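All chains are named by letter (A, B, ...) in the order of the sequence lines, taking the proteins before the strands, and each is independently numbered beginning at 1. Not measured: the values here are computed from a predicted model.
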Amino acid sequence: MRWTQTFIPTLKETPADAEIASHKLLLRAGLVRKLTGGLYTFLPLGVRVLRKIERIVREEMDRVGAIEVSIPCLQPPDIWQQSGRYTTAAEVLYHVFDRAKKEWVLSPTAEEVITQLAANELSSYRQLPRNFYQIGVKFRDEIRPRFGLMRAKEFVMKDAYSFDVNDAAAMVSYRKMYDAYTRIFARCGLRAFPVEADTGVIGGNYSHEFMVPAETGENEVVYCESGQYAANIEKATSRGPLAGTPTASTSPAPEKFPTPGVVTIDALAAAPYNVAAHQQIKTLVYVADSKPILVLLRGDDQLNEAKLMARTGATQVRPATADEVFAALGAHPGSLGAVKTTLRVADLRIYADRALQGAAGMTTGANDDGFHFRHIEIARDIEVNQWADFRTVQAGELDVETGQPLKIRRAIEVGHVFKLGTKYSEKMNALYLDEAGKQHPCVMGCYGIGVTRTLQAIIEQGNDKDGILWPLPTAPFAVCLTPLSVAPDSAPMKLAEQLYAELTARGAEVILDDRDERPGVKFKDADLIGFPLRVNLGEKAMARGEIELKPRGGNLSFVKIENVATAISDWLAAESARYAAAVPSA
RNA sequence: CGGAGCGUAGCUCAGCCUGGCUAGAGCGCCAGCUUUGGGAGCUGGAUGUCGCAGGUUCGAAUCCUGUCGCUCCGACCA
């Protein structure tokens, strides 16, 4: 490709609405332009990178036997009602209406359509396993689009759906996808690692997310340096809080005492009360699927809402409003407790975190504004309906398996694999007949990769002060030929033309910067875009019979003119091999 | 939706507080000359419904009200 024949509008200054490095560089390097918040037009270079990632994804999907289909984005709402997600996923669904005022939805993902397809087309165990995938545009009514392509209203996703005869077979399908994902990200030159994940509204019971470590990521990952454990913080567990929970009885009965104006854990921990946070019981009022519930945690712990949803089986949970709190407990936040003698609403389920098991000598609110209880023994004074893990893991706590301290870091989620089970196949009648002629629901899995997000994650992971550092496998062009004179009969331009023809014939992806610009402009642009190899063709070095190779982020080297084409090919081959070596064999 | 901030040239921004002359700068763009190894220099030029609507005023980019859009923080996710 010749630079002047394509469209690469680079920006010298940073657009005001971009916040993180990758977003700025997407715009500055001329890969995309914003239409409006959460919607981007891909320009030629952006399209090239997108196609390269898609190609890698396709190759790896095909390799593990997934088969490509293409599902409409515009979908009838009734199948969404059938699966139940018309309400459970309501917030992300875009609704559109046709001339007849009939409603349609824009697909954020395609479990419903694919399961219906399976219901219609797959009827025998002989037809299983099957794994359908597609790469296409998805729509999500994001509350707040952010960070360019990272969280957009419209984005490119690869989604795959597997159908198996039973759980064991589904695990085989799951594992294949898991391995394919590992290869895909490695081939993209991306350092992504799998972590155990919560399943959220999609449902299912087993799941991993593929994470790219990045300070700007929107997820928190808890991991053990042994490499044996990594989980999304929504899912992560540990051996529990570092400070032990007191279990020694301090009095035969609770004692109510005045705490005027004390409405926070910290205030009660301070003088004159001096009740350490881990000796307090925090009482939260939540509304789970429109029913109020109580959640008890140790004072120094934070509730993990994903766990609350998982343990209660609720599809929606939220903190109660001030009015709802008062209606449930007769006191305001800051003086709440679950002590049985103070509860007035009969049917109020109480969930308690395991860190509180056996706790004694605790302090908690008295459901009377301005009063607390001390000497609380949880087994004696509180009727807990369900004990479970509800707390958010904190850095430094010990790994359940290895006993080593856990660390927490931020990351970008680029892929997600789920074992779905029969949730959708049962609802949508995706049934098959086994050898004995008996009917069973297919056991499903679903698997997503955010293609456009992956693109940006690559930039977020590879950039410096000058611009993007593209890994060779996803670079828009591998080589940028930079003649410092573009006069058609000049030595640099002639050689550039010759190299361009030769390298292109050898299959290399080459862009020829044939712009009549000053060298500085060309160098800055090439560095900004981040082509892996820049070949500088200048009069001076050429007079010495040499030309310069400048790998992006590497050191300048000189090669004899007669060896240039070979040297470039060799460099590309070596670089290619380096990335290939990082890909686990299937 | 809650909180904060911003809308002035293609881009980055000044001007607004304390209303007043012809609305500015840098970059980019166009023409010419010069220059040619890290975003050049000189000369000349084009470019604005000051987000939109209403109000106050002799007079509004500036003050007030409303509205739309964008960005950031929080809840959501590939």
Between [X] and [Y], is there a side-chain N and carboxylate O pair less than 4.0 Å apart?
| X | Y | result |
| --- | --- | --- |
| E111(A) | K423(A) | no |
| E497(A) | R2(A) | yes |
| E324(A) | R318(A) | yes |

Where each residue is assigned the nucleotide of RNA chain B containing its nearest heavy atom, which of N536(A) and E305(A) is assigned the position nearer the 5′ end? N536(A)

Comparing nearest nucleotides in RNA chain B, the 5'-proximal residue of the pair M542(A), V92(A) is M542(A)

Measure from the ring centre of F523(A) to the centre of the six-membered ring in the base of G37(B), then say whether that distance is under 5.5 Å and the planes meet at under 30°. no

Rounding to a whole Å, what distance do you find between [X]:[atom1] and [N]:[atom2]?
| X | N | atom1 | atom2 | result |
| --- | --- | --- | --- | --- |
| D513(A) | U36(B) | CG | C1' | 14 Å |
| D141(A) | A78(B) | CG | P | 15 Å |
| L303(A) | A75(B) | CG | P | 13 Å |
| E111(A) | C77(B) | CD | C1' | 13 Å |
| E142(A) | A75(B) | CD | P | 13 Å |
| E154(A) | A78(B) | CD | C1' | 14 Å |
| E218(A) | C77(B) | CD | P | 11 Å |
| N219(A) | G74(B) | CG | P | 13 Å |

Watson-Crick/G-U partner (both atom distances under 3.5 Å) of [N]:
| N | value |
| --- | --- |
| A46(B) | none |
| G74(B) | C1(B) |
| U35(B) | none |
| U22(B) | none |
| C16(B) | none |

Using the [atom1] atom on both, measure [N] against [M] and round to a whole Å.
| N | M | atom1 | result |
| --- | --- | --- | --- |
| U22(B) | G26(B) | P | 22 Å |
| G24(B) | A9(B) | C1' | 10 Å |
| U62(B) | G66(B) | P | 16 Å |
| C30(B) | A40(B) | P | 15 Å |
| G20(B) | C64(B) | P | 15 Å |
| A14(B) | C63(B) | P | 15 Å |
| A46(B) | U35(B) | C1' | 25 Å |
| A61(B) | C13(B) | C1' | 15 Å |

Distance below 4.0 Å between K34(A) side-chain N/O and U71(B) OP1 or OP2: yes

Distance test, side-chain N/O of S485(A) to OP1/OP2 of U36(B), below 4.0 Å: no

Mind listing the side-chain donor-acceptor pairs of residues 516-523 of chain A below 3.5 Å, one per line with the distance, residues two or more places apart or on another chain?
| from | atom 1 | to | atom 2 | distance (Å) |
| --- | --- | --- | --- | --- |
| K522(A) | NZ | P483(A) | O | 2.8 |
| K522(A) | NZ | D513(A) | O | 2.9 |
| K522(A) | NZ | R515(A) | O | 2.9 |

May I ask you to check whether Y174(A) and F418(A) place their ring centres under 6.0 Å from each other? no

Protein-nucleic acid N or O pairs under 3.5 Å, nucleotides 39-46 of chain B:
| from | atom 1 | to | atom 2 | distance (Å) |
| --- | --- | --- | --- | --- |
| G39(B) | O2' | K12(A) | NZ | 2.8 |
| G39(B) | N1 | D525(A) | OD1 | 2.8 |
| G39(B) | N2 | D525(A) | OD1 | 3.0 |
| G39(B) | N2 | D525(A) | OD2 | 3.1 |
| A40(B) | OP2 | R518(A) | NE | 3.4 |

Consider the side chain of [X], meaning its heavy atoms from C-beta on, and name the nucleotide among [options] that approaches it most closely.
| X | options | value |
| --- | --- | --- |
| E19(A) | G37(B), C77(B), C72(B) | C72(B) |
| R140(A) | C72(B), C13(B), C77(B) | C77(B) |
| P15(A) | U12(B), C73(B), C77(B) | U12(B) |

For residues 455-470 of chain A, which residue pairs qualify under salt bridge (charged side-chain N to carboxylate O under 4.0 Å, His left out), counting only residues two or more places apart or in two chains? D464(A)-R552(A)

Residue pairs passing the salt bridge (charged side-chain N to carboxylate O under 4.0 Å, His left out) test where at least one lies in residues 302-316 of chain A, sequence neighbours excluded: K307(A)-D389(A), R311(A)-D389(A)

Can you classify the ring geometry of F531(A) versus W3(A) as parallel (below 30°), tilted (30 to 60°) or perpendicular (above 60°)? perpendicular

Could you label the plane-to-plane angle of the F163(A) and F132(A) rings as parallel, tilted or perpendicular, counting under 30° as parallel and over 60° as perpendicular? perpendicular

So, using ring-ring contact (aromatic ring centres under 6.0 Å, His included) as the criterion, who are the partners of F558(A) when residues are at least two apart? none

Taking ring-ring contact (aromatic ring centres under 6.0 Å, His included) as the definition, give me every residue that meets it alongside F147(A), ordered by chain and number, with sequence neighbours left out. none

Any pair with a residue in residues 34-48 of chain A that passes side-chain hydrogen bond (donor to acceptor under 3.5 Å, both in side chains), sequence neighbours left out, goes on the list, sorted by first then second residue, please. D17(A)-K34(A), H23(A)-Y40(A)

Just to be sure I understand the rule, does R146(A) reach a base, reach only the sugar-phosphate, or reach nothing, if contact means heavy atoms closer than 4.0 Å? base

Base, sugar-phosphate or nothing for R33(A)? Non-hydrogen atoms, less than 4.0 Å. nothing

Quick check on contacts: within residues 448-468 of chain A, what sits under 4.0 Å from RNA chain B by heavy-atom distance? I449(A), G450(A), R453(A)

Which atom pairs link the protein and nucleotides 1-5 of chain B when you take only N or O atoms and keep those under 3.5 Å?
none

A side-chain contact here means heavy atoms from C-beta on lying under 4.5 Å apart; do R183(A) and R63(A) qualify? yes

Does atom CZ of R55(A) have more than 12 heavy-atom neighbours, drawn from other residues, nucleotides or ligands, at distances under 6.0 Å? no

Tell me, please, which residues at least two apart from R58(A) pass side chain to side chain donor-acceptor pair (under 3.5 Å). E68(A)

Identify, with sequence neighbours excluded, every residue that meets side chain to side chain donor-acceptor pair (under 3.5 Å) alongside D514(A). T4(A)

Ignoring hydrogens, what is the shortest heavy-atom contact between A152(A) and E142(A)? Give both atom names and the distance. O-CG, 3.5 Å

With 3.5 Å as the limit, what N/O pairs link the protein to nucleotides 23-26 of chain B?
| from | atom 1 | to | atom 2 | distance (Å) |
| --- | --- | --- | --- | --- |
| G26(B) | N2 | E13(A) | OE1 | 2.8 |

